[in-house]
Amino acid sequence: METAAIPDSSRIWRQALKDLEIQMSPAEFRTWFADTELDSSEGPVCVVSIENPLTKGWLETKCRGMVARTLEDLMGRPVQVQFAIRRQHSTPSAALELQVPPAHPKGRRGSTVPTPRPRAERTASARFTFDNFVVGSSNRLAHAAAVAAAELPGTAHNPLFIYGGAGLGKTHLLHAIGHHALEDDLRVVYVSSETFTNEFIESVSRGRMESFRERYRRADLLLIDDIQFIAGKDGTQEEFFHTFNAVLEAGGQIVLASDRAPRALALAQRLQSRFAWGLVADIQEPDVETRIAILQTKLAARNCVVPSDVLGYIAERVPSNVRELEGALNRVLAQADMLDAPVNMDLARGALQHTLTASPDHRGSNPEAIIKAVCHTSGISRRALEGRGRDRRTASTRQLAMYLLREHTALSLSDIGGLLGGRDHTTVLHGHAKLTEKLPTDDRLKESLAAVRMELDRGA
Ligand code: ADP
Ligand code: MG
């Protein structure tokens, strides 16, 4: 079965819960997610089952987007999330029957936006579209190129290579292109390069290369997200090289997203130069006006109104990552909801005081400066920070570095891990989560954090 390589739902959900946990306070997390399970993750619809019927409405209105985003990040494809109440002996399939539009018979795993489906269903899953993408000077070129690729695939810049820091809208643009092209009934394949790699390995081992090639090489539009992950994977690069050529020769359009420019990718030379054949467009951090406009778009989608001073405050506090900007907005709204209080500046300050620590002053801090300041203020050497030592002081200093690097730079989790002695991204995620959890109640930690910030200010 082709589905064999898909991580099972419980594994995906375990990881998703870890990611969700750091997007809210521990109390909220326990209240809303304690008894959740992921019943199905194979079709376009992911069904999250819950035990407590009272939490369903809240999850639906407040958390659906966050859960979808988290699952999308993990699975590399767009999903719709539904919440279902778990009965004692209900089986996943019973839960599924309640709401799922039947998956497309040939639903291609990894190709999110498979073959055309009835219009209503397509629009329902179209969370990331051009309509709800806010254009500003930071992303104007990437946006215009994406629209051109969607409207005239194969004739515009080919390939289109979009790159930029985490949470700046690359996946959003890729999905928007996909949805737009689906309207024209084109064959669209969207995958992350990780999924491409996994499918490639699986196809080789199961002797299914023909169907693998058929799927990818015949795409009218091939959208590959997070292409940086094929770095160092020679076999996959080789296969992708041929995929790339075949799609282009057949007149198809290729769009790639990456966290860094083609020249900064550790790739075979011939791939690297091909990636720069068409148009290379970067996305920068949005300015404050764009950040406010994005917040307004997100609010409109949820039918919420928030006073403009609060919007301005949130936009000032989260300078560099749109995903975190949305997270901050969610936290403010959740707080208002739980306290049953109006959204005003006091509430926003309270909601964001601990979880959100990036002040505009530290915007785009230099990672090296952060590491230096951490070492200097803690008395832990750089070598110890990068090393394997796990004594309490070293370990907690390392977590502090992870936290600051995540909060104050646009580095990816893997990049942060790389800077801290080659640790992997889950370690960084965990370190950041641990700190976020401890921060509200740990005064020593607050002091350490303040000391590093002061040092950074002095150096700035
Ligand atoms: P990336 O793939 O670059 O890491 P995403 O595309 O996943 O980032 O974007 C993260 C979140 O920020 C998504 O919810 C996305 O809708 C939102 N976002 C980013 N840029 C914009 C924008 N210009 N307008 C509206 N939403 C945006
Ligand atoms: Mg992305």
Side-chain angles (χ1 to χ4, degrees), residues 16 19-20 23 62-81 112 125-147 160-179 190-196 223-229 255-261 281-302 311 314-315 318-331 333 406 409-416 425 429:
D19 294 4
L20 286 165
Q23 297 179 53
K62 308 290 182 192
C63 296
R64 194 198 296 275
M66 200 194 306
V67 174
R69 207 165 51 242
T70 304
L71 288 171
E72 281 171 354
D73 280 353
L74 285 171
M75 301 197 283
R77 58 183 172 87
V79 295
Q80 276 176 269
V81 168
T112 37
S125 70
R127 213 167 56 80
F128 292 151
T129 61
F130 287 124
D131 287 344
N132 57 24
F133 188 83
V134 176
V135 184
S137 56
S138 57
N139 57 27
R140 196 176 308 281
L141 176 64
H143 171 263
V147 171
L160 167 60
F161 190 102
I162 299 174
Y163 75 95
L168 295 184
K170 302 178 297 292
T171 298
H172 189 135
L173 280 180
L174 250 55
H175 285 199
I177 297 171
H179 288 298
Y190 165 95
V191 279
S192 72
S193 74
E194 260 178 325
T195 305
F196 182 89
L223 311 169
I224 309 271
D225 209 347
D226 292 320
I227 191 73
Q228 70 270 11
F229 291 126
V255 184
L256 306 161
S258 161
D259 69 352
R260 63 202 84 169
D282 69 333
I283 304 188
Q284 299 284 339
E285 293 171 7
D287 54 26
V288 71
E289 291 80 19
T290 309
R291 298 204 294 278
I292 291 175
I294 291 172
L295 288 172
Q296 277 162 340
T297 310
K298 304 291 174 192
L299 283 171
R302 302 159 62 151
L311 280 190
I314 300 173
V318 190
S320 61
N321 181 323
V322 180
R323 190 177 294 121
E324 282 167 18
L325 191 66
E326 256 187 286
L329 177 67
N330 285 342
R331 247 166 282 150
L333 295 176
R406 183 134 195 255
T409 71
L411 290 178
S412 70
L413 292 168
S414 340
D415 286 340
I416 296 174
H425 74 281
L429 198 62

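For ligands, and for the atoms within them, numbers begin at 1 and follow the listed sequence.
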Counting both backbone and side chain atoms, is some N or O of [X] under 3.5 Å from an N or O of ligand 1?
X    : value
L168 : yes
I294 : no
R69  : no

Starting from [atom], which protein heavy atom do you reach first, and at what distance in Å?
atom                    : result
atom 15 (C) of ligand 1 : H172 ND1, 3.4 Å
atom 13 (C) of ligand 1 : E326 OE1, 3.5 Å
atom 26 (N) of ligand 1 : K298 NZ, 3.2 Å
atom 4 (O) of ligand 1  : G167 N, 2.7 Å
atom 25 (C) of ligand 1 : N132 O, 3.3 Å
atom 24 (N) of ligand 1 : V134 N, 2.8 Å
atom 7 (O) of ligand 1  : R323 NH2, 2.9 Å
atom 2 (O) of ligand 1  : T171 OG1, 2.8 Å

Can you tell me if an N/O/S atom from S192 lies under 2.8 Å from the Mg ion (ligand 2)?
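Checking S192: none of its N, O or S atoms is under 2.8 Å.
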For G164, state whether at least one heavy atom is located under 4.0 Å from any atom of ligand 1.
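False for this residue.
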Check each of V322, D225, V135 against atom 17 (C) of ligand 1 and report the one with the nearest heavy atom.
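Minimum heavy-atom distance to atom 17 (C) of ligand 1 goes to V322.
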In terms of ring plane angle, is the pair F133 and H143 parallel, tilted or perpendicular, where the classes change at 30° and 60°?
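F133 vs H143 ring planes: parallel.
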Evaluate the ring planes of F161 and Y163, with Trp represented by its six-membered ring, and classify them as parallel (under 30°), tilted (30 to 60°) or perpendicular (over 60°).
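Geometry flag for Y163 against F161: tilted rings.
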